[in-house]
Amino acid sequence: MRRVYLDNSATTPTRPEVVEAMLPFFTEHFGNPSSVHSFGRDVSKYITESREQVAKLIGAKDSSEIIFTSGGTEADNLAIIGIALAQKNKGNHIITTQIEHHGVLHTCEYLKKYHGVEVTYLPVNEYGQICLQDLENAITDKTILITIMFANNEIGTIQPVHEIGNIARTKGVLFHTDAVQAIGSIPVNVQEMKIDMLSLSGHKFNGPKGVGALYVRKGVKLVPHMHGGAQERKRRGSTHNTTGIIGLGKAAELAMADLDEKQKKLTVLRDKLIKGIEERVPEIILNGHPTERLPQNVNVCFKYIEGESLLLNLDLQGIGASSGSACTSGSLDPSHVLLAIGLSHEVAHGSLRLTLGIYNTEEEIDYVLEVLPGVVEKLRQMSPLYNATK
Amino acid sequence: MYNEKVMDHFQNPRNVGEIENPDGSGQVGNPTCGDIMKITIKVEDGKIVDCKFKTFGCGAAVATSSQVTEMVIGKTVEEAKKITNKMVAEELGGLPPVKMHCSNLAADALRKAIADYLGEDFTEEEHDHHHDIEED
Ligand SMILES: Cc1ncc(COP(=O)(O)O)c(C=O)c1O
Ligand SMILES: [Zn+2]
């Protein structure tokens with residue numbers, strides 16, 4: 001059976017070049033990079049190179065501003081908890097949005113529950129963007145951190161990061177952004193955008209899973225959350241995940257070299273997919289922003305049907321996708337992002353997210369466009385909501 | 001996630017549709033929680049001779065709806081009334097624990113359709129509305 005992977009925002013396949021770069025670090029260069037001897041020094045050099053690649057990818061001034069972590073979630077936790085603890089004497093207020101990844105939302109909830117931190121959750125408009133005036137209004141003299149994602153993982157909406165950075169810098173508040181979905185897909189420059197901290201994750205841009213990084217601008221102090229060794233300039237204890245870090249560095253290098261081409265290619269495929277669905281299936285809603293949108297993201301609600309049924313049917317035809325339906329999230333509520341952009345529960349249950357990657361082809365899009373309308377129609381014919389309105 | 005029998009019912013749902021001029025009809029669930037089922041029945045001489053369903057819901061919801069229609073056709077109304085959600089799930093060879101909520105509606109819809117046929121009142125049971133699984 002034909003198989004088409006369209007869930008690249010969940011994870012991506014690791015590029016063969018990345019795997020190849022990693023392999024010698026399992027066997028040949030196995031030393032602990034913190035060791036004094038040649039076995040360790042030998043590896044340490046390559047870790048530094050990886051750090052430089054990651055710094056370059058995001059336009060950081062210096063590679064010492066990069067802390068390697070176990071992924072995007074840990075980077076979010078380290079940034080937010082690290083600042084909340086470091087700035088305890090300055091204030092206890094954090095501003096975020098209603099549509100963050102749970103890596104940010106649940107971290108804020110934790111701080112609220114156990115550390116008395118106050119959290120403002122900015123609403124978003126129908127396209128998923130915050131209002132800059134809301135942000136300015138929310139800042140008080142107790143505000144220590146603004147954490148707003150660069151681009152959303154479900155609906156692909158890109159926030160006005162430049163403007164947010166300006167506001168934060170002007171008001172003297174630190175700005176962290178979860179850029180896990182943006183890195184490797186659109187240009188990101190921490191210096192130009194006045195970003196103080198940024199989370200990224202290797203497996204979202206064809207690097208290995210279980211490795212990521214937090215950028216922390218020089219001069220920003222945070223309290224570490226992994227206590228132990230002196231690795232990462234005492235900001236994150238634990239023996240380096242050498243193979244992962246090497247893989248992340250290689251993925252960063254490739255992502256930078258291929259960024260323009262990838263962005264162009266995915267945008268073409270994305271627009272073909274959106275247009276094709278709009279032409280072939282009636283009564284749909286395109287979620288997210290029409291233009292300020294990640295090149296890899298398509299998110300559509302099909303009225304009268306439920307997302308998990310849709311996913312199962314697509315899976316039976318070899319297509320891997322995802323949904324914000326309650327039945328795929330494990331709660332009774334559909335995705336908080338879809339509710340935040342103002343969708344009703346009923347419509348939100350029928351969402352489908354198709355996310356593109358570097359290995360997708362036009363023929364694959366054609367295949368999806370061939371299969372999808374039939375699947376939707378089959379489920380609509382089965383739906384008591386469909387007839388009710390016909 | 002789902003076993004073969006569940007997937008078979010999901011892929012080839014039995015008795016999809018709506019009986020015209022049914023003897024009993026019952027709809028349960030609501031769009032907020034993500035599952036809605038409608039069951040219609042035809043009764044002759046105290047026996048359910050036809051049963052059809054329409055479902056808005058996940059794989060478990062579709063499969064249990066399909067399964068309940070199969071279980072009920074040919075049974076007397078009194079026998080059919082005794083079908084529980086648990087029996088439907090068992091007949092399907094089990095469902096993932098997180099899906100029990102979604103599977104709770106099929107037998108309810110059936111009982112509501114039977115109540116409609118008999119002219120009795122139907123009160124929907126309160127089910128535990130919580131799925132407890134890990135996120136990713
Ligand atoms: C926006 C966003 N932040 C954070 C994460 C978590 O990253 P990781 O899987 O590396 O912990 C993800 C991935 O699901 C994401 O999409
Ligand atoms: Zn369900």
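Computed from a prediction, not measured in an experiment: that's the story for all the values here. We name chains A, B, ... by the order of the sequence lines, and we start the count at 1 in each one.
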A:Y304 to B:F56 - nearest heavy-atom pair and separation: O-CD1, 3.1 Å
Separation of A:L385 CG from B:Q27 CD (nearest 0.5 Å): 7.0 Å
Where do B:K54 and A:Q381 come nearest, in terms of heavy atoms and distance? CE-O, 3.4 Å
What are the two closest heavy atoms between B:M7 and A:L316, and how far apart are they? CE-CD2, 3.9 Å
To the nearest 0.5 Å, what is the distance between CE (A:M382) and OG (B:S65)? 9.0 Å
So, A:E306 side chain and B:C58 main chain: donor-acceptor pair closer than 3.5 Å or not? yes
Who wins among B:A60, B:A61, B:G57 for the most heavy-atom pairs under 4.5 Å with chain A? B:G57
What are the two closest non-hydrogen atoms of B:Y2 and A:L312, and how far apart are they? CE1-CD1, 3.6 Å
Residues B:T55 and A:P384: closest non-hydrogen pair is C-CD, 3.4 Å
Identify which part of B:E18 has an atom lying under 4.5 Å from any heavy atom of chain A, answering side chain, backbone, both or neither. side chain
Are B:F10 and A:S309 close enough that some pair of their side-chain heavy atoms sits under 4.5 Å apart? yes
Residue B:K5 excluded, over 12 heavy atoms near NZ under 6.0 Å: yes
